[in-house]
Amino acid sequence: MTQIRLTNTRTRTKDVFVPLDASNVRLYLCGPTVYDRAHLGNARPVLVFDLLVRLLRHDYGAEAVTYVRNFTDVDDKINAEAQRRKAAGSPLTLEELVAERSEETIAWYHADMDALGADRPDHEPRATAYIAQMIEMTADLIAKGHAYAAEGHVLFDVRSFPAYGKLSGRSVDDMIAGARVEVAPFKRDPMDFVLWKPSEADVPGWDSPWGRGRPGWHIECSAMSAALLGPSFDIHGGGLDLQFPHHENEIAQSCCAHPEASFATVWLHNEMLQVEGKKMSKSLGNFFTVRDLLDQGVPGEVIRFVMLSTHYRKPMDWTEAKAAEASQTLSKWYWLTDGVGAGDLPEGFIDALANDLNCSGAHTALKAAARAGRNAELRAGMEFLGYWPADRKLSAWARDEVQKQAHFAEHSYPRLELSGLSWKLQGAREKAAVSKDFSEVDHLKTALLAAGVEVRMLKGSVELVPGPNFDPEKIAGLN
RNA sequence: GGCGGGUUGGCGGAGAGGUUACGCACCGGAUUGCAAAUCCGUGAAGACCGGUUCGAUUCCGGUACCCGCCUCCA
């Protein structure tokens, strides 16, 4: 068992990870709002958690980890798209159109994240399937004196929760002082946030004790994590942009609803994504989705490698140069490990990952293995990091790269030996080096080439690699 | 304005209070009858100013610059 250390936003230190229950390690990642294609930034937390889950499964056992990532399918942007389709003449109801939009977006999301080699979570709950739990939790918060109804809304009373602001290091008073937006008049405190809000007739809604309406943004994660993982679980994560207000509000809701529980022990936040040194934004014209990159021919493996190369707590800059370098490295690795069985993991590999997911360090361990020709170790590490799919079949891109490498390696890279003949050839070569009579060497080499064998003359040895047209019959006489 | 994070060699990117990170690129050399997407190696850093220390890129303080968040935006 390796000691895993993670930087916990809650404690602001890198702590040794101790699960509440080692036989059931539980994680929750805030998933996407399914109104459109996932952009590249959305992929980062997915890959960080994919890596974390792989490490935890390695440590605690595949069955001892439960990973939940939600789909937020209650959102005004989805509603807006549904209303647009309705206005365009769709015969479906608004609710059906919302579901339709969510369905297609979720399918895209799955396809895109699959292409990045991210394993699906154990549970992918949709907010719309947990409305009852949200209503129940909201009512409970009112009953416990932490929320109040006003003008069809239900608001969380931040003053009722002294720890409000602790996660993000803010005080309610400071935030009010810096507030720049007009405050709804029915709020008791400017920082109070919505648990439930009324829905007009042309917007999807659910019946509730406070009238027809829909949940606020934050309550879904509190309700779904409690339903699937219990009120206390181990790791909760997401992008740094979610730290406030989303995660802060989740903590307020969950801790007040379940005062006996601890909610999430560890909070993990990944830094944001940049593109060529600048923030990714539609106005700068550098905004793109995962699908855009895939369509441009950037392989999912390469996107994954680039993403995992930068530590999750540092801003990640997506650049063409990084993609090119990643492509080169992976190309070589696939070539080295194609057809090789996975061995032990390289030295230092797990230690690096266990140290707050230092994947760059894990890559270093793989580079060392590649350099030393420990291909079985390289293969094991690649599989661990998700560069080989579970079915161990290469993507079209990777297969292509392997063939290119094989072609280029006509005279270079050591792989496997046709023992005996390589010995013989090397022996002849050593003699020829002295006698300068290369006829025997040439004879052997020509025969081998004719039999479809690649002949690689290396310093001190000869590598013989059977090619696609290898015919053992033709070299039978050479031994 | 408030809060949080960052600043490492040409580029990318880590760990560690005191020994070469590593990769890519560059340069030098080697190996080779031919051949290199082969091998070996050198150089190159820690934004700035102070402080703590025998010693700091690593700890502390300040400055500059950059990034994110600041009530329904994921």
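It should be emphasised that the depicted structure is a prediction, and the values quoted were computed from it without experimental measurement. Here is how names work: the chains are called A, B, and so on, in the same order as the sequence lines, proteins then strands, and each is numbered from 1. Below, all heavy atoms of this structure are taken into account, side chains as well, without hydrogens, waters or symmetry copies.
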Let's see if you can work this out: which of [options] has an atom nearest to the side-chain heavy atoms of [X]?
X	options	answer
A:Gln328	B:C22, B:C24, B:C72	B:C24
A:Pro190	B:U71, B:C70, B:G68	B:U71
A:Gln274	B:U71, B:C67, B:G23	B:C67
A:Pro245	B:C73, B:A21, B:G12	B:C73
A:Lys77	B:C73, B:G13, B:C72	B:C73

**OP:** Please lay out, stage by stage, how A:Arg69 and A:Glu124 fare under the test salt bridge (Lys or Arg N to Asp or Glu O under 4.0 Å).
**Re:** CA-CA 5 Å; A:Arg69 182 181 66 209; A:Glu124 299 187 282; 3.1 Å; yes

Measure [atom1]/[X] against [atom2]/[N] and give the value in whole Å, please.
X	N	atom1	atom2	result
A:Trp217	B:C73	CH2	P	9 Å
A:Met272	B:C70	CE	P	11 Å
A:Ile78	B:C73	CD1	P	13 Å
A:Phe186	B:C72	CZ	C1'	11 Å
A:Asn249	B:C73	CG	P	14 Å
A:Asp76	B:A74	CG	C1'	13 Å
A:Leu240	B:C69	CG	P	9 Å
A:Tyr164	B:U71	OH	P	10 Å

Counting the atoms with a prime plus P, OP1 and OP2 as sugar-phosphate, which does [X] contact under 4.0 Å by heavy atoms, base, sugar-phosphate, or nothing?
X	result
A:Gly348	nothing
A:Asn42	sugar-phosphate
A:His311	sugar-phosphate
A:Asp75	sugar-phosphate
A:Asn355	sugar-phosphate
A:Thr310	sugar-phosphate
A:Pro315	nothing
A:Lys187	base
A:Phe193	nothing
A:Asn358	sugar-phosphate

Only pairs with both distances under 3.5 Å count, Watson-Crick or wobble alike; so what is the partner of [N] in this structure?
N	result
B:A47	B:U63
B:G17	none
B:C69	B:G2
B:C24	B:G10

Subject >> First encountered from the 5' end of RNA chain B, between A:Thr33 and A:Gln243 >> reply: A:Gln243

Original post:
Which residue lies toward the 5' end of RNA chain B, A:Ala368 or A:Thr319, if each is placed at its nearest nucleotide?
Top reply: A:Thr319

**OP:** Decide yes or no, distance alone: a donor-acceptor N/O pair under 3.5 angstrom between the base of B:C72 and the side-chain of A:Lys197.
**Re:** yes

Which value, in whole Å, describes the distance between the [atom1] atoms of nucleotides [N] and [M]?
N	M	atom1	answer
B:U58	B:G1	P	28 Å
B:C69	B:C11	P	27 Å
B:U19	B:A56	C1'	15 Å
B:G12	B:A21	C1'	13 Å
B:A16	B:G6	P	14 Å
B:A25	B:G13	C1'	15 Å
B:U7	B:A47	P	8 Å
B:A35	B:G17	C1'	50 Å

Subject >> Distance below 4.0 Å between A:Lys314 side-chain N/O and B:A14 OP1 or OP2 >> reply: yes

**OP:** Give a yes/no answer on whether the side chain of A:Arg371 brings an N or O atom under 4.0 Å of OP1 or OP2 in B:G23.
**Re:** yes

Does [X] reach the main-chain N or O of [Y] with its side chain, forming a donor-acceptor pair under 3.5 Å?
X	Y	result
A:Asn8	A:Thr13	no
A:Asn70	A:Pro125	no
A:Asn270	A:Tyr312	no

Is [X] salt-bridged to [Y], going by a charged N under 4.0 Å from an acidic O?
X	Y	value
A:Asp351	A:Arg5	no
A:Arg214	A:Glu220	no
A:Lys77	A:Glu81	no

Original post:
With A:Arg37, which of A:Asn42, A:Asp292, A:Asp112 fulfils side-chain contact (heavy atoms from CB on, under 4.5 Å)?
Top reply: A:Asp112

